[in-house]
Amino acid sequence: MKKIKLSKLAFLTAIAALFLSNGLSAQSVNDAYKKPKLVVGIVVDQMRYDYLPRFWNRYGDGGFKRMVAEGFNCKNNHFNYVPTYTGPGHASVYTGTTPAFHGIIANDWYDKTIDKSVYCAQDDNVNSVGTNSDAGKMSPNRMITTTVTDQLRLATQMRGKVIGIAIKDRGAILPAGHSANAAYWFHGKDEGAFISSTYYMDELPKWVTRFNKSDAAKQYKKEWNTLYDIETYTASGTDMNNFEGKFKGEKDAVFPHKLNKLWKENNEYDIIKATPFGNSLTTDFAIAAIEGEELGKDDETDFLAVSFSSTDYVGHQFGVNSVEIEDTYLRLDQDLERLFNKLDQEVGKGNYSVFLTADHAAVHVPAYLESVKIPGGYFSTSDFKVKLNEFLQEEYGAKGLVKNFSNFQIFLNYEKLEELDLDLAEVEEAIANEVVNYDGVFEVFTAQEMRKHDFTQPVPYLLQKGYNHKRSGDVMVVLEPGVISYSRTGSTHGSNFNYDTHAPLLFFGHGINHGETTERTEIPDIAPTISALLGIAFPNATTGNPISEVID
Ligand SMILES: [Zn+2]
């Protein structure tokens, strides 16, 4: 009897010890929901994961390296849907789900209900603020689920401020969500100003007007030369090659790029977008927002969503292997350091949390791949359409069966099918069997398949996550790896392959553990991770999960 009691005591002691070592102490229970004063979400447009290791030795201590040194690095982070474009990317990061749910199926898509092409952030029911142009007629109206930023607004009774900033409208609008205080984006041309829409406000706040009046963008009308001696850019190809696009008026796509001289020919302030100066300008404006909106100054958590768009413009023009890309990332690293230093100063070290990811990655220029014997090539959309229409004419004796081909989706003409008494499923199937044989085509799936099966195989799985019953097309075409529909210079993106899906994911600051993982994480995991960190409800259609190693 005594013996049993003793062992019972030993058992209880062991349990207590276990509880004390693994459980929460009274102090940490109190701190369990201690929130950061500010969350800064950073999306780098078109950033490949390998830009971290590729340029690692060239980065300073205060930017990317600081995030890794102090925070958490998810090394195997992927987009889990197609198409990997900017609109869907930003929406997926912030809604924690994929186009199947949030409805942003592309940047532009054919809207079958109104028989015309629409833009993801376009809104004809609102007006521009801060510009005489129509560039402000934008809102998140086409995104049908909530964002982590919306959930923060709901959780704080609208007291936590949410501000979205980017050069591109969609890069500012979609992250900021439906209930944001403001989203600002850059209007180039002859204006060079950050603008907004009546969706958010009737007029620009004073700090924005002041920023625009200071002609902050004008300081970047200067020469773009490499930050360091060009001979040290060994992580890139040679500056002179056949795989890069030129600015209008340039003889070759080589340094230095003289913005002063190229100004008029390249739409004035628009030229800044395709240089690293666009990211510096974005940083200037983000810093002005931190000051002007007093972000992170009171007890309610605020959210600053910043997207660096210029990395995408540079990638599209010069390609992922260019000296221009290397220089753009070395300069972005300095801009990040500048932003983090400002946050340390204004909000305080340890009082804010940051994540950094991309909206998609990008492919090596296929012409370059071909030149080093790696498979890749180009796909002609117009040839594809001609061949497909010839087939349909032969098979069904009718013209105009295809209403639209966009984003590698075929939209069929339902009225015509009915007129000819054709079965939609059969026509979809016939098209799939035909076009799979065309040059450059890898796989073809029909809408019927998307709806009937629950795919786990990589290609159809990613298609299905991007397939929206109401908005997507009837037949989905997947190109071969390394094959793109694009000019022979510069890089693009949009596919299901690793070069487009593998993107960085870094966290640092308040509530973030130090570490790294090579376990697969997916873009929709970001919003629930931040929601868990903030102790707020997940965005309403989240399909991802919090990454427990980051915040546990
Ligand atoms: Zn792009």
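We're numbering straight along the sequence, starting at 1. Counting starts at 1 for both ligands and their atoms, following the listed order.
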Original post:
Is it the case that R58 places NZ or CZ above or below the six-membered ring of Y233, under 6.0 angstrom from the centre and within 45 degrees of the axis?
Top reply: yes
Original post:
Does the pair D335/R338 count as a salt bridge with the N-to-O cut at 4.0 Å?
Top reply: yes
**OP:** Could you label the plane-to-plane angle of the F211 and F194 rings as parallel, tilted or perpendicular, counting under 30° as parallel and over 60° as perpendicular?
**Re:** perpendicular
Original post:
Around the Zn ion (ligand 1), how many protein N/O/S atoms fall inside 2.8 Å?
Top reply: 4
Subject >> Cation-pi, Y313 ring and K168 (6.0 angstrom, 45 degrees) >> reply: yes
**OP:** Please tell me if the side chains of Y368 and I374 come closer than 4.5 Å, counting only heavy atoms from C-beta onward.
**Re:** no
**OP:** May I ask you to decide if the ring planes of Y269 and W263 are parallel, tilted or perpendicular, using 30° and 60° as cut-offs?
**Re:** perpendicular
